Asker: 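I have a structure I would like to understand better, so I am pasting it below and will then ask my questions one at a time.
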Amino acid sequence: MDKNNKIPFDEDNYTHNINKNNERKLDRRGFMKTMVGAAGLFAVSTLPWGSIAATELMGLREKKYPKKEIIDVKKLNIGDAFEFAYPTDHDSALLIRLGENEYKAYQNACTHLRCPVFWEQSKSELVCPCHHGFFDVKTGSPTAGPPRRPLPEITIQVEAGKIVATGVKRYET
Amino acid sequence: MKRSYRGVILLCAVLFLNIIFTQKAIHQYYYEDYTATVIYAILNIILFPIALFIYHKEKNV
Ligand code: FES
């Protein structure tokens, strides 16, 4: 009884139980090391982009694109849009019929963060619902919202009553 | 002991450039400006030895 009522030892502060071992974990030098590591990380992370760009520069300047049928002209009314994939199955794209003989097609992954872009017929605009990005349907260039880069345009031909995709336009530099 | 924080500031600047170059490289890649992408990637890689050099110079001051 007596034993439990006593302060176990003489103490003059209330912080003796705080572990001080990690106190200097992130000191000046540790911070600088972290920064060097981060610089290394950035260097490595740009490598793949750089090397893909380099191979792109070396060989295929003019990329060859396959021809691909999209849809029958008759099935697409004026003012309507049709979703397809071009050039590969993973690149979703959007075909819009603007007039009797006026078609526009874009790869419709938003140039902001790659959400799919939709055709808003009532406003005659391409809309990205994710962060309210808007694109001009005639040129593909962004008109409002976060996107800065135009949508890549797909070249279109009409062959024997069918709409055919023939390639993806390069950006003019 | 009074420490010099020059190294810390310089490394912050290096990291800031890193961020800019990375952003630029990726944007230029999507713009299909591949020369620019390569240049930015190289700049980013060059920054790493510079960071190392700064660290070695400044770690004991
Ligand atoms: S992903 Fe389209 S606006 Fe952000």
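Sequence lines set the chain letters: A, B, ... in the order given, protein chains first and strands last, and positions in each chain run from 1. Any value given below was found using the heavy atoms of this structure, including those in side chains, with hydrogens, waters and symmetry copies removed. Treat the numbers as computed from the prediction; the structure is a model and nothing was measured.
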Asker: Which bit of B:Y29 is near chain A, if near means a heavy-atom gap under 4.5 Å: side chain, backbone, both or neither?
Answerer: side chain

Asker: Does any N or O in the side chain of A:R29 come within less than 3.5 Å of the main-chain N or O of B:E58, such that one atom is a donor and the other an acceptor?
Answerer: no

Asker: Would A:V164 and A:L98 show up in the same hydrophobic cluster when neighbours are defined by side-chain heavy atoms closer than 4.5 Å?
Answerer: no

Asker: Taking C-beta and beyond as the side chain, do A:F31 and B:C12 meet within less than 4.5 Å on heavy atoms?
Answerer: yes

Asker: What's the shortest heavy-atom distance between A:M32 and B:K59, and which atoms?
Answerer: CE-CA, 3.7 Å

Asker: CZ of B:F53: more than 12 outside heavy atoms within 6.0 angstrom?
Answerer: no

Asker: Please name the pair of heavy atoms, one in A:T46 and one in B:A41, separated by the smallest distance, quoted to 0.1 Å.
Answerer: O-CB, 3.8 Å

Asker: Distance check, rounded to the nearest 0.5 Å: A:R28 atom CZ versus B:Y5 atom OH?
Answerer: 7.0 Å

Asker: Would you check if A:Y171 and B:D33 make a side-chain contact, meaning some heavy-atom pair closer than 4.5 Å?
Answerer: no

Asker: Taking the side chain as everything from C-beta on, heavy atoms only, tell me whether A:F42 gets closer than 4.5 Å to B:L15.
Answerer: yes

Asker: Kindly work out whether a path of hydrophobic side-chain contacts (I/L/V/M/F/W/Y, heavy atoms less than 4.5 Å apart) joins B:I19 to A:W49.
Answerer: yes

Asker: Crowded around A:K104 NZ? As in, over 12 foreign heavy atoms under 6.0 Å?
Answerer: yes

Asker: I'd like to verify something: which residue of B:L11, B:I50, B:I54 has the highest number of heavy-atom pairs under 4.5 Å with chain A?
Answerer: B:L11

Asker: Is it possible for you to say whether B:I39 and B:F48 belong to one hydrophobic cluster, with membership spreading through side-chain heavy-atom contacts below 4.5 Å?
Answerer: yes

Asker: Can you list, pair by pair, the side-chain donor-acceptor contacts under 3.5 Å of residues 68-85 of chain A, counting residues two or more places apart and other chains?
Answerer:
| residue | atom | partner | partner atom | Å |
| --- | --- | --- | --- | --- |
| A:K68 | NZ | A:A85 | O | 2.4 |
| A:D72 | OD1 | A:K162 | NZ | 3.4 |

Asker: For the residue pair B:E32 and A:R170, what are the closest heavy atoms and their distance?
Answerer: O-NH2, 3.3 Å

Asker: In terms of heavy-atom pairs under 4.5 Å, which option from B:I46, B:L52, B:V14, B:I26 contacts chain A the most?
Answerer: B:I26

Asker: Do you know which of A:A38, A:P48, A:A43 has the most heavy-atom pairs with chain B at a distance under 4.5 angstrom?
Answerer: A:A43

Asker: Are B:L10 and B:L17 grouped together when hydrophobic residues (ILVMFWY) are joined by side-chain heavy atoms under 4.5 angstrom apart?
Answerer: yes

Asker: Enumerate by number any residue of residues 120-149 of chain A whose heavy atoms lie under 4.5 Å from heavy atoms of chain B; in the absence of such residues, state 'none'.
Answerer: A:R148, A:R149

Asker: Using the rule that Ile, Leu, Val, Met, Phe, Trp and Tyr join whenever any side-chain heavy atoms are under 4.5 Å apart, tell me whether B:Y40 and A:L41 fall into a single cluster.
Answerer: no

